[in-house]
Structure formats: C-alpha cells, structure tokens
Amino acid sequence: MGDAVADAPKLASLPIISIEPFLHPEGPGRLSAAAALHAACSEYGFFYLDISSYVDPSEPEELTKLAREFFTLPQEEKDKISISNEDNARGYQRLKENVTNGKADNHEAIDLYRPVEQPDKSKPLWGANQWPAIPGFRDRYEAWIEKMKKLGMIVMEAMATGLGLTPEEWHELRSKVDDSFWVMRIIGYPPLPNDYDGFSCGAHRDYGCLTFLYADPTPGALQVFLAQPGLLVEKTGSVPSEQEVEDGGQWINADPIRGCVVCNIGEMWEVWTNGLYKSTLHRVVHKGSNYRVSIPFFFEPNFDARIEPLSTAIQAQEEDRALRSLKGIRKTYQPVVYGDFLLRKVGSNFDTGKGRYDTD
Ligand SMILES: N=C(N)NCCCC[C@H](N)C(=O)O
Ligand SMILES: O=C(O)CCC(=O)C(=O)O
Ligand SMILES: [Fe+2]
C-alpha cells in the first residue's frame with residue numbers, strides 16, 4: 001500500500017542553490033540567487049544548499065564519526081544521558097522512543113536545544129543539554145552549531161531579499177530570530193525491519209524556520225513529498241491522511257550531495273508568507289543494510305517570537321488572487337507564539353498515550 005507510493009518513479013529532483021553569493025555583502029549574483037531561492041521555497045519548500053564555500057565538507061563527516069562512536073556504545077552507557085534525567089526533551093532517546101503520528105520511529109537520537117540561562121528540568125524544554133563523554137565530541141559539535149546559527153541568519157536575509165521585503169520588514173523579521181531557539185538532533189537509524197509498523201521517521205513538517213540537514217551518504221532514506229500545486233489544504237499543525245497524500249503528489253528521494261546540506265522550510269515560514277512558502281512533508285524510510293547517521297540543525301525563531309503573516313506577503317496575495325488558487329491558499333494564517341507551538345509539538349513527540357509529558 002504505502003510501498004506503491006514509496007516506489008513511485010522519480011520525476012523531479014530538488015534545486016541546488018549555492019550560499020556563495022550571500023557570503024559577501026553586495027556580492028555579484030546575489031539577486032539571481034535570491035530569486036532562485038524564492039522559486040525553490042514556493043515550489044518545493046526543499047532544496048540543496050551548497051555550503052562548500054562556507055565549511056569544509058570533511059567537518060560534518062567528522063561529526064558523523066563521533067556520532068557513530070556514541071551509538072555503538074552499550075545501551076546503559078547511552079542511557080546515562082537519557083532525556084529522562086532532564087526535561088524529557090534534552091538528551092538521548094532510545095530506539096523507538098520518539099513517536100510520529102502515533103507510531104514509534106525506528107531511530108535513536110541525541111536532541112540538543114539552545115541552552116537557557118536558568119535550567120529547570122521540571123519545566124518542559126527548560127532543562128540542560130547532555131553531552132556524551134567522548135573526547136572532542138562537544139567541542140566539535142559546538143563549532144558546528146555556531147556555523148549553522150550564522151548560516152541561518154545568512155539564509156534568512158537572502159530569503160527576505162528573494163521575497164522582496166522592505167528594509168523595515170527585514171529589520172522586524174530579523175528581531176524574531178536574532179536569539180534563535182535552535183535545535184539540533186544527532187540521529188542514528190538502524191535498517192528498518194521489513195515488517196515494521198511505522199517508519200524510520202514518520203511523515204512530518206519541521207516546526208520553525210530553516211532546517212539544515214547533514215546526512216551520511218546513504219541513499220534512498222530521506223523522502224520529500226511533492227504535492228500537485230493547489231492540492232494541499234489546511235496544513236499547519238496537521239498531517240494529511242494517506243489518501244490526501246496519494247491524491248496529491250508523490251514522494252521523491254532527497255539523497256545527499258557532498259558539499260551540500262538539504263535545506264527545508266519550517267512551519268513558521270509558512271505562516272510568515274501566508275502559505276506561499278511550503279513547509280513540506282518529509283519522512284525517512286531507511287531500508288538499506290547499514291547504520292545511517294543524520295544531523296539536522298533547526299534554525300528557529302526566538303522562543304517568545306510572535307509569528308504572523310508579513311504584510312508584503314498578504315498584499316501580494318490580495319493583488320494576485322490567481323496566485324492564491326495556484327498555491328492552494330485558502331485561509332489567512334493565524335498568529336502563533338513560536339515557543340507555544342514548539343511545546344505542543346515536542347509534547348506529542350513522546351506521546352505514547354501514557355501522558356508522561358504534559359504541557360498544559
Ligand atoms: N524540531 C524538529 N523539527 N523536529 C522534527 C522531528 C520530527 C519527528 C517528531 N517525532 C514529530 O512528530 O514531529
Ligand atoms: O534524518 C533525516 O534525513 C531527516 C530527519 C528529520 O526530518 C527531522 O529530524 O526532522
Ligand atoms: Fe524533519
């Protein structure tokens with residue numbers, strides 16, 4: 001059933017955009033690159049970002065080596081940094097502990113979040129990060145986090161250019177993300193058993209602004225859902241049924257390209273653009289025989305940021321009703337405080353029906 005979808009022919013592949021023109025102020029090629037970014041965000045919500053002029057490709061490869069070192073430790077060693085020591089979000093989660101759409105995901109992971117000034121593990125998301133005791137692990141990953149935070153701001157500004165925001169609007173937008181409540185996951189995927197009732201990571205949309213995914217070279221694992229234009233409806237916060245999925249488009253593979261990260265739009269960008277930029281559904285189906293490692297970095301808004309449609313986006317849609325129907329936009333998105341949205345999302349990540357995590 002689901003396999004008919006998974007095995008659909010690969011008709012499309014995602015665009016590749018280089019970060020290079022955005023690394024130098026007023027660099028040549030900026031405007032055409034911003035236009036390409038705009039097209040990628042409105043057509044796919046996913047693209048490859050070539051960052052080879054920004055970081056050496058060997059750097060994230062080192063990170064996956066460290067991750068493998070951790071994941072091959074005995075279970076009791078890994079459990080020493082269990083999320084249950086902290087706020088039930090920061091730290092290590094066992095295989096199948098994370099849940100998507102009510103089904104256990106066949107992955108294990110370490111989740112890290114922006115540190116808070118006064119950690120309080122009795123408050124959801126407000127605990128302290130936990131790091132493996134592997135030499136060099138924390139330093140290397142912290143260096144990566146710094147680079148990804150800066151990259152987040154660079155891409156945000158490039159997107160503001162691509163959208164045609166005024167300098168005042170960019171200034172306002174910038175103030176929503178200048179203290180990003182970033183998230184990083186270090187994920188380990190054993191092969192998915194044939195009869196498994198679920199996925200390596202079930203279909204979902206990312207929550208915030210921008211995801212920069214570095215993954216080891218394993219092909220055929222990450223799949224992106226490309227809808228027929230105009231067919232996706234009422235998306236934020238809900239996952240379409242299999243039927244909607246099958247009516248609307250197809251799953252394509254987003255295999256890793258060396259020197260690139262896979263970049264996708266989170267739900268907050270969809271709100272800012274009132275649905276013009278899609279937060280695209282994706283999932284992981286890792287059936288290969290190796291142990292796959294991926295490291296998504298989520299560049300997110302500030303915890304307290306109020307996110308609402310930008311007036312440039314609303315105006316463009318008022319002036320061009322055809323654009324609305326072409327993009328399947330049937331509503332005005334409601335404002336949301338990012339931290340509230342995140343708490344609801346993370347609350348359901350470990351929702352085994354036992355009510356262990358209560359955000360109300
Ligand atoms: N911070 C982000 N975006 N994490 C994405 C995790 C997606 C899987 C999760 N179990 C879920 O159901 O959302
Ligand atoms: O491992 C991957 O390729 C994607 C993981 C992902 O989508 C996520 O953690 O949000
Ligand atoms: Fe994701």
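Whatever order the structure lists ligands and atoms in, that order sets their numbers, starting from 1. Note that the structure is predicted; figures quoted are calculated from it, not measured. FYI, side chains are in, hydrogens and waters are out, and symmetry mates aren't considered; it's all heavy atoms of this structure.
Partner of Gln317 under the side-chain contact (heavy atoms from CB on, under 4.5 Å) criterion, chosen from Ile329, Thr332, Thr273: Ile329.
Summary of contacts: the protein heavy atom closest to atom 3 (N) of ligand 1 is Phe298 CE2, 3.4 Å. Of the protein's non-hydrogen atoms, Tyr189 OH, 3.6 Å is the one closest to atom 5 (C) of ligand 2. The shortest contact between atom 9 (C) of ligand 1 and any protein heavy atom is with Asn349 ND2, 3.2 Å. In this structure, the protein non-hydrogen atom closest to atom 8 (C) of ligand 2 is His204 NE2, 3.7 Å.
No part of Val262 comes within 4.0 Å of ligand 2, judged by heavy-atom distances. Both the backbone and the side chain of Tyr207 come within 4.0 Å of ligand 1, counting heavy atoms alone. Proximity of Thr100 to ligand 1, defined as any heavy-atom pair under 4.0 Å, is shared by backbone and side chain alike.
The line from CE of Met268 to CG of Leu342 is 9.0 Å long, rounded to the nearest 0.5 Å. The distance from the CG atom of Asn98 to the OG atom of Ser348 is 9.0 Å, given to the nearest 0.5 Å.
For Tyr113, the ring-ring contact (aromatic ring centres under 6.0 Å, His included) criterion is met by no residue, not counting sequence neighbours. Every residue was checked against the salt bridge (charged side-chain N to carboxylate O under 4.0 Å, His left out) condition with Asp320, not counting sequence neighbours, and none meets it.
Between Phe199 and His286, the ring center distance fails the sub-6.0 Å criterion. Aromatic pair Phe181/Trp126: centroids less than 6.0 angstrom apart. Between Phe70 and Tyr92, the ring centre distance stays below 6.0 Å. You'll find the ring centres of His282 and Phe46 inside the 6.0 Å limit.
Here is the list of ligand 2 atoms found below 4.0 Å of a heavy atom in Phe298: 8 (C), 9 (O), 10 (O). Of all atoms in ligand 1, numbered sequentially from 1 with element shown, those under 4.0 Å from a heavy atom of Asp206 are 3 (N), 5 (C). Using a 4.0 Å cut-off to heavy atoms of Asn98, the atoms of ligand 1 that qualify are 9 (C), 10 (N). Distances below 4.0 Å separate heavy atoms of Arg185 from the following atoms of ligand 2: 9 (O). Heavy-atom proximity to Val99, at under 4.0 Å, picks out these atoms of ligand 1: 10 (N), 12 (O). Of all atoms in ligand 2, numbered sequentially from 1 with element shown, those under 4.0 Å from a heavy atom of Ser294 are 1 (O), 2 (C). Within ligand 2, the atoms closer than 4.0 Å to a non-hydrogen atom of His282 are 7 (O), numbered from 1 in the order shown. Numbered from 1 in the order shown, with element, the atoms of ligand 1 that lie under 4.0 Å from a heavy atom of His204 read 7 (C).
Judged as a salt bridge (Lys or Arg N to Asp or Glu O under 4.0 Å), not a single pair has a partner in residues 26-35 (not counting sequence neighbours).
Counting heavy atoms only, Val284 comes closest to atom 2 (C) of ligand 2 of the residues Thr211, Val293, Val284, Asn264.
A distance-only check finds a donor-acceptor pair linking the side chain of Thr280 to the backbone of Tyr44 [under 3.5 Å].
Nearest heavy atom pair, residue Pro132 against residue Ile81, reads N-CD1, 4.0 Å.
Take a cut-off of 2.8 Å around the Fe ion (ligand 3): the protein N, O or S atoms inside it are His204 NE2, Asp206 OD1, His282 NE2.
Using a 3.5 Å distance cut-off with no hydrogens or angles, the side chains of His107 and Arg185 do pair a donor with an acceptor.
Relative orientation of the Phe341 and Tyr207 rings is perpendicular, given thresholds of 30° and 60° on the angle between their planes.
The shortest heavy-atom distance from Arg283 to ligand 2 is not under 4.0 Å. Heavy-atom distances between Arg292 and ligand 2 reach below 4.0 Å in at least one pair.
Put simply, the side chain of Tyr196 does not reach to within 4.5 Å of the side chain of Lys287, judged on heavy atoms.
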